[in-house]
Amino acid sequence: MTDWPSPNHGDRRGQVPSLIVIHYTGMADAAQARARLCDPEAEVSAHWLIDADGTTEQLVCETRRAWHAGAGRWQGADDLNSRSIGIELANPGDRPFPAPQMAALRRLLRAAMARWSIPPAHVIAHSDLAPGRKIDPGPRFDWEGLARDQLALFARPDADDPAPPLAPSLTALGYPDHPARLDAFRLRHRPWATGPETPEDRQTAARLLLHENIPGESRLRDGGSAPS
């Protein structure tokens, strides 16, 4: 038995971790997720798996390239597996993230960010790097709560904030040029928004570029459930 039970990893190809990517497993429970993430035939893995009760297990050493991000781009870069740490949260994708799980995630983020000098702006969603392909960790995830703890970015703009064109702002934030990138941006930053692009989308993106967290009063009422 090894210290890190997943065989699904490789060399980082000269890169060091500069991003943290948060996922949900999309499976019934942590045991099923762990089995898949450690199955050599599945050819998927992550560095960390956090169960609903907060139990945290390292599956791949952070110095190694885990296979979690898949095809995608962020801030103009590809091969994001070589550049990132992957954290899987045991959640089927249809329910809140319990408080013990979110508390464990906060502890893990603080430690990993300190180890690799990763700033809050470089903690992203799987959906951020793969618009139209991935939606995890989804609209129930508490990005706003992480931002209050300086573990991610989240902003609520003021009504009189400027509203520059959205496309250049999304590119500057890191979103790849994809028809679904407004949906990916909203899933992360404005999960309650629907319909065509609005001034609030433009204001939010512009505020995020300032790296100013303005979470205000959280809309989340438990460990991590956003309004649907």
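Note that the numbering runs from 1 along the sequence shown for the chain.
With sequence neighbours excluded, the residues satisfying side chain to side chain contact (heavy atoms under 4.5 Å, CB included) with Ile50 are Thr56, Ile87, Leu89, Gln101, Ala104, Leu105, Leu108. By the side chain to side chain donor-acceptor pair (under 3.5 Å) test, Thr171 pairs with Arg181, sequence neighbours left out. In this view, Arg133 satisfies the salt bridge (Lys or Arg N to Asp or Glu O under 4.0 Å) rule with no residue, not counting sequence neighbours. With sequence neighbours left out, the side chain to side chain contact (heavy atoms under 4.5 Å, CB included) criterion links Pro164 to Pro162, Ser169, Ala206. Remark: Ala193 engages Arg186, Arg190 in a side chain to side chain contact (heavy atoms under 4.5 Å, CB included) (not counting sequence neighbours). Considering only residues two or more places apart in sequence or on other chains, Arg107 meets the side chain to side chain donor-acceptor pair (under 3.5 Å) condition with none of them. Under the side chain to side chain contact (heavy atoms under 4.5 Å, CB included) criterion, Arg36 pairs with Met27, Ala42, Val44, sequence neighbours left out. Remark: Trp74 engages Tyr175 in a ring pair (Phe, Tyr, Trp, His ring centres under 6.0 Å) (not counting sequence neighbours). Listed by chain and residue number, Asp149 satisfy the salt bridge (Lys or Arg N to Asp or Glu O under 4.0 Å) test with Arg110 (two or more places apart in sequence, or in another chain). Partners of Asp79 by side chain to side chain donor-acceptor pair (under 3.5 Å), not counting sequence neighbours, listed by chain and number: Arg13, Arg65, Ser82.
Cluster annotation: Phe185 and Leu209 are assigned to the same hydrophobic cluster (Ile/Leu/Val/Met/Phe/Trp/Tyr, side-chain heavy-atom contacts under 4.5 Å, transitive).
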* Asked: Passes side-chain contact (heavy atoms from CB on, under 4.5 Å), Ile22 versus Leu146? Steps please.
  -> CA-CA 12 Å; Ile22 299 178; Leu146 292 188; 4.2 Å; yes
* Apply side chain to side chain donor-acceptor pair (under 3.5 Å) to the pair His47 and Ser6, showing each step before the final yes or no. => CA-CA 9 Å; His47 295 93; Ser6 179; over 6 Å; no
* To do: Decide side-chain contact (heavy atoms from CB on, under 4.5 Å) for Glu57 and Trp48; before the verdict, give the C-alpha distance in whole Å, the side-chain angles of both, and the deciding distance to 0.1 Å.
  => CA-CA 6 Å; Glu57 183 176 9; Trp48 296 93; over 6 Å; no
* To do: Dump the intermediate steps for side chain to side chain donor-acceptor pair (under 3.5 Å) on Thr204 and Asp201, then the final yes or no.
  => CA-CA 5 Å; Thr204 300; Asp201 292 316; 6.0 Å; no
* To do: Could you walk me through whether Asp161 and Arg202 pass salt bridge (Lys or Arg N to Asp or Glu O under 4.0 Å), step by step?
  => CA-CA 9 Å; Asp161 273 359; Arg202 297 189 286 272; over 6 Å; no
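At least one donor-acceptor pair under 3.5 Å links the side chain of Asp29 to the backbone N or O of Gln32. Asp183 contributes no side-chain N or O that, together with a main-chain N or O of Leu187, makes up a donor-acceptor pair within less than 3.5 Å. No donor-acceptor distance shorter than 3.5 angstrom exists from the side chain of Asp53 to the backbone of Pro100, with no hydrogens or angles considered.
Once rounded to the nearest 0.5 Å, the distance linking CD1 of Ile20 with CZ of Arg83 reads 16.0 Å. To the nearest 0.5 Å, atoms NZ (Lys134) and OH (Tyr24) are separated by 8.5 Å.
Among pairs with a residue in residues 103-140, those fulfilling ring-ring contact (aromatic ring centres under 6.0 Å, His included) read His23-His126, at least two apart in sequence or across chains. Applying the salt bridge (charged side-chain N to carboxylate O under 4.0 Å, His left out) rule to pairs touching residues 114-125 yields Glu62-Arg115, sequence neighbours excluded.
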